[in-house]
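Since we're looking at a predicted model, the values are computed, not measured. Hydrogens, waters and symmetry mates play no part in the numbers below; they use all other heavy atoms, side chains included.
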Amino acid sequence: MTHNARIEIATRSSRVFLVFAFAAIIAAVFLPAFVSRGIIKDMFAILTLLALAQCWNLLAGYGGLVSVGQQAFVGLGAYTLFAVVGLYGFDPLLSILMGGVVALLFAIPFAFFLFRLDGAYFAIGSWVLAEVARLSVAQWKAVGGGTGTSLPRDTVRSMPGTDWVRALFDVSGSAARDIILYWIALILAVALMTAIYVLMRRRIGLGLTAVKDNAEAARSVGINASAIKWMTYLISAFGAGMVGALIFLQTARISPGAAFSVTDWTAFVIFVVVIGGIGTLEGPILGVIVFFVLQNFLADFGSWYLVALGAAGIVVMIFAPQGLWGLLRDRLGLTLFPLRRRVIFTSERTDL
């Protein structure tokens, strides 16, 4: 009798989920043919929030860098789009990528300052830098200063692909633009999740986990903790910048208060990740669904809406410290995005 061993990462539940996820993505692509414009807008909001949540989850959940200043990159990405489109006539869809690039470039000097801080000081420092970015943009008269500005109507109306989508779905020009931006949000959310998953499955992902657990111990075994932190921070900034550009391209109106809103682009994102399950790819997905349901049921209650969100977050943190997904994972044994390697032994009979 001989014993063979192999290393596996995928689980039975993850293989089933992969088939389901592929089918869900295909269905999402064709969703505009069957639902109303209002649902497409809701799906856009869900997908962009999910993308922001995954960016913050990579930074804090996997990297241990708890930032409360992600709104800086959302705002910088959005203002980049408004500047290059409104002032220089750039293609609005290409400008989404430019928003991510500019956010990444600003993240470099931010990181030089923030990586000299740790723990609560890092969190406070990230918020301070976001406020500096907001106040600086508010002085930029070419894009409206403190009152903000709107995108030129002709630029928005001539967005690439609008005529094709209008003919395909027999909708108005504005509805066609909503569909195009919804598709981009879908691509962006799926691409970010895929990139994070691939990253965490590689050696650099193991290094990131080690740095989060104990940076000094990680350095002692040859892991470049500084390089890993830099990479994580820059990826998160790049993703948040693209999402910010996409969100404000959809609204076609911007102001410093909206673009750098700590409530919309950081507080709600943290809520989504924490109640869903920080440090997991599945958690933000579940958290976004819960947040969207609570938002729709409680939005008519005014300030009590925020109180209810806070109470829900407290209850989850007390009774499910690992988030709702952690609770489901422990009880049902589900793993949709497996990262741990398992050794599987098989036996073979050998006849002499």
Side-chain angles (χ1 to χ4, degrees), residues 6-11 14-15 17-18 21 50-67 69-70 73 77 97 100-101 103-119 122-123 126 187-243 269 273 276-285 322-323 325-326 329 335-344:
R6 67 178 187 274
I7 297 177
E8 285 190 356
I9 298 179
T11 64
S14 70
R15 293 188 182 97
F17 174 74
L18 180 62
L50 175 60
L52 286 176
Q54 293 292 0
C55 288
W56 190 84
N57 188 41
L58 172 65
L59 190 64
Y62 289 117
L65 301 171
V66 181
S67 168
Q70 286 299 93
F73 305 120
L97 179 61
V101 171
L104 184 149
L105 293 175
F106 272 91
I108 295 173
F110 284 9
F112 272 113
F113 170 74
L114 290 176
F115 288 163
R116 287 167 171 76
L117 307 175
D118 197 14
F122 179 93
S126 65
I187 293 170
L188 191 53
V190 172
L192 281 171
M193 291 182 62
T194 302
I196 293 171
Y197 181 56
V198 171
L199 177 71
M200 294 307 300
R201 282 190 56 166
R202 297 186 178 276
R203 292 179 61 184
I204 196 167
L206 294 175
L208 181 59
T209 303
V211 170
K212 175 191 173 185
D213 293 339
N214 191 318
E216 293 302 322
R219 290 188 183 97
S220 69
V221 294
I223 296 174
N224 191 334
S226 178
I228 288 178
K229 285 184 177 181
W230 269 89
M231 179 204 65
T232 304
Y233 190 74
L234 294 180
I235 291 175
S236 179
F238 178 69
M242 285 197 296
V243 175
V269 167
V273 176
I278 191 170
T280 66
L281 280 167
E282 301 93 338
I285 299 174
Q322 295 182 327
W325 177 253
R329 180 188 58 205
T335 303
L336 305 184
F337 296 94
L339 298 175
R340 295 180 179 178
R341 290 164 173 80
R342 298 172 299 127
V343 179
I344 307 297

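Judged by distance alone, the side chain of S236 and the main-chain N or O of T232 form no donor-acceptor pair under 3.5 Å.
A ring pair (Phe, Tyr, Trp, His ring centres under 6.0 Å) with Y233 is found for one member of F110, F115, F112 and no other, namely F115.
Counting heavy atoms from C-beta on, the side chains of I204 and M231 come closer than 4.5 Å. Side-chain contact between R201 and Y197: present, with at least one pair of heavy atoms (C-beta onward) separated by less than 4.5 Å. In this structure the side chain of W230 reaches within 4.5 angstrom of the side chain of S226, judged on heavy atoms.
When all heavy atoms are compared, the tightest approach of A107 to A237 is CB-CB, 3.5 Å. Across all their heavy atoms, F238 and L97 have their closest contact at CZ-CD1, 3.7 Å. Looking at every heavy atom in both residues, I228 comes nearest to G207 through CD1-C, 3.7 Å.
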Using distance only, find each side-chain donor-acceptor pair of residues 52-63 under 3.5 Å and give its atom names and separation, not counting sequence neighbours.
{"from": "Q54", "atom 1": "NE2", "to": "L281", "atom 2": "O", "distance (Å)": "3.1"}
{"from": "W56", "atom 1": "NE1", "to": "S67", "atom 2": "O", "distance (Å)": "2.7"}
{"from": "N57", "atom 1": "OD1", "to": "G279", "atom 2": "N", "distance (Å)": "2.8"}
{"from": "N57", "atom 1": "ND2", "to": "T280", "atom 2": "O", "distance (Å)": "2.8"}
{"from": "Y62", "atom 1": "OH", "to": "G279", "atom 2": "O", "distance (Å)": "3.4"}
{"from": "Y62", "atom 1": "OH", "to": "L281", "atom 2": "N", "distance (Å)": "3.3"}

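Within a 6.0 Å sphere centred on CG of N224, heavy atoms belonging to other residues, nucleotides or ligands number more than 12.
Partners of F17 according to the ring pair (Phe, Tyr, Trp, His ring centres under 6.0 Å) rule, which considers only residues two or more places apart in sequence or in another chain, are F337.
Going from atom CG of L208 over to atom NZ of K229 covers 10.0 Å, rounded to the nearest 0.5 Å. Atom-to-atom distance recorded for L117:CG and L65:CG is 11.5 Å, nearest 0.5 angstrom.
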Test log, rule side chain to side chain contact (heavy atoms under 4.5 Å, CB included), inputs E282 and R329: CA-CA 10 Å; E282 301 93 338; R329 180 188 58 205; 6.0 Å; no
